[in-house]
Every structure is written in C-alpha cells, then in structure tokens.
Amino acid sequence: YEAWGRVLRTNTMSPFRVTMAFLQQVRNSDQKIIATLSSKMGSLNENQDGGEYIYRSSKAALNAALKGLSYDLADTGIRIMLMHPGWASTDMGGPSAPLLPADGVAGLRKVLAGIKDGETGVFYDYNGDKIHELNGRKIREDMLGWYCYKYSEDEGKTWSKRYRLDVRKTAADFNNDWKGEVQIMWG
C-alpha cells in the first residue's frame with residue numbers, strides 16, 4: 001500500500017496541487033486553459049480487463065477531481081482539459097506501443113489549439129477525439145482512433161515513424177449510427 005500512496009501522490013495529488021498553485025496565473029492569462037495528462041486507463045466505464053489497480057485508480061481519481069474542479073471554476077472562464085497522450089513507445093508504454101511520443105505530443109498540442117470557448121471538463125484523446133462522446137452521443141472509447149502502422153528493419157531495435165492507414169468507407173460505415181463519422185472495423 002505504500003507504493004499505492006506514492007502513485008496517488010504523483011498522479012493525482014501533485015497535478016491537483018500544481019493546478020491550485022497556478023490558478024491565479026491561469027485566471028489572469030489570455031487562454032485560461034489548464035491541461036492535465038491523464039489516461040484512458042483511468043476510465044471506469046471502459047475497464048474491461050482489470051489489473052493495474054494502482055495506476056488505474058490514480059488516474060480515475062485525477063479525472064474525478066479535475067472534472068469536479070471544472071464545474072467549480074466554470075463561472076471564472078477557466079477551462080480544464082483532461083488529455084490522454086496515447087499508448088506511446090516510452091519506458092512505460094514499451095517498444096510495441098504504436099505511437100511515437102513526439103506524435104502524441106503533436107496531437108495534444110493540436111487538440112489544445114482547437115479548444116472552444118466554454119468547453120471545460122472534457123477528456124480528449126491525443127488525436128482530437130472526445131473520449132466517451134462523439135457529436136454529443138455516447139460511444140465506446142475503443143471505437144475511436146485510427147488504424148496505424150510502423151515498421152522495424154532491425155528486429156524491433158528501432159522503429160519507423162507512425163503511418164496512418166486511410167481505410168475506404170463502406171456502406172456499413174455510412175449506415176451505422178454515426179453516418180460514416182465512425183468506421184466499423186475489426187482488427
């Protein structure tokens with residue numbers, strides 16, 4: 001349980017404490033955005049495989065705290081964004097992760113640049129998809145994202161950049177509940 005306490009202090013309490021420490025500076029800023037790194041692993045709704053209790057609970061607690069704070073700060077104009085950086089090939093993500101860290105960061109920067117006035121307490125994926133919602137409708141988060149690939153010519157020691165696969169939309173896509181905005185694919 002000591003390890004659990006350390007992870008909660010790092011992943012939940014520390015971001016909240018930093019947020020509170022900089023609240024006045026954010027209030028006085030032009031954009032008034034607080035962006036915090038979270039994880040889809042903190043989603044209660046989408047936990048289909050269990051495990052990773054310490055990490056999952058720390059991110060779930062962070063999401064709950066900052067979602068609540070977004071309501072408390074709504075009348076100040078301060079907007080809070082929870083950001084999932086993607087499963088990236090870092091020490092934590094491992095070499096089989098499909099996303100390069102730089103691509104995740106570039107995606108998060110693009111998402112932040114497109115935040116709309118009044119939008120707060122939203123959980124975004126690095127690719128700009130709102131997690132749990134598409135066009136205001138509930139959606140399973142594992143339906144969001146793109147098919148991508150990268151390759152290695154040295155048995156996994158180094159990897160190419162990440163390439164997005166464009167997949168042709170079919171009648172099944174245009175006739176689904178999202179009228180082609182979500183493609184139905186199984187991998």
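Remember, it's a predicted structure, so these values are computed and weren't measured experimentally. The basis for the numbers below is simple: all heavy atoms, side chains too, and nothing from hydrogens, waters or symmetry mates.
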For this session: Hey, could you give me the CZ/CG distance between F22 and N28, rounded to the nearest 0.5 Å?
Result: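 Answer rounded to 0.5 Å: 13.0 Å.
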Problem set entry | Distance in Å, I78 CD1 paired with Q31 CD, rounded so as to fall on 0.5 Å steps | 13.0 Å
For this session: Apply the test side-chain contact (heavy atoms from CB on, under 4.5 Å) to residues T76 and L23: give CA-CA distance (whole Å), side-chain angles for both, the deciding distance (0.1 Å), then the verdict.
Result: CA-CA 11 Å; T76 68; L23 213 49; over 6 Å; no
Exercise. Taking the side chain as C-beta and beyond, is there a heavy-atom pair between T36 and V18 under 4.5 Å?
Worked result: no
Exercise. Can you find a pair of side-chain heavy atoms, one from L108 and one from P85, that are under 4.5 Å apart?
Worked result: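 A side-chain contact exists here, since the closest heavy-atom pair is under 4.5 Å.
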Exercise. After noting the C-alpha distance and the side-chain angles of I80 and L73, does the key distance pass the side-chain contact (heavy atoms from CB on, under 4.5 Å) rule?
Worked result: CA-CA 9 Å; I80 295 180; L73 297 176; 4.1 Å; yes
Exercise. In terms of hydrophobic clusters joined by side-chain contacts under 4.5 Å, are L112 and V105 together?
Worked result: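 No, because L112 and V105 fall into different hydrophobic clusters, even though each may have its own neighbours under 4.5 Å.
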Exercise. Do L69 and Y71 sit in the same hydrophobic cluster, where Ile, Leu, Val, Met, Phe, Trp and Tyr count as joined when their side-chain heavy atoms come under 4.5 Å apart?
Worked result: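 Hydrophobic grouping puts L69 apart from Y71.
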Nearest atoms (heavy-atom pairs only) where [X] meets [Y]:
X: K116; Y: R79; value: O-NH1, 3.1 Å
X: F16; Y: L66; value: CD1-CD2, 3.9 Å
X: G121; Y: S70; value: CA-OG, 3.5 Å
X: Y53; Y: W4; value: O-CZ2, 4.0 Å

Judged by atom type as modelled, is there a donor-acceptor pair below 3.5 Å linking the side chain of [X] to the main-chain atoms of [Y]?
X: K32; Y: G77; result: no
X: R56; Y: G51; result: yes
X: K59; Y: S39; result: no
X: S38; Y: L82; result: no

For this session: Mark yes when over 12 heavy atoms from residues, nucleotides or ligands other than R27 sit less than 6.0 Å from its CZ; otherwise mark no.
Result: yes
Problem set entry | Among N63, N11, T12, the one residue meeting side chain to side chain donor-acceptor pair (under 3.5 Å) with S58 | N11
Problem set entry | Residues F123, M83; criterion side-chain contact (heavy atoms from CB on, under 4.5 Å); working and verdict | CA-CA 6 Å; F123 193 4; M83 312 293 290; over 6 Å; no
For this session: For V26 and I33, run side-chain contact (heavy atoms from CB on, under 4.5 Å): C-alpha distance rounded to whole Å, both residues' side-chain angles, the deciding distance at 0.1 Å, then the answer.
Result: CA-CA 7 Å; V26 174; I33 295 175; over 6 Å; no
For this session: With P15 as reference, evaluate I34, L37, T10, L62 under the side-chain contact (heavy atoms from CB on, under 4.5 Å) test and give the passing residue.
Result: L62
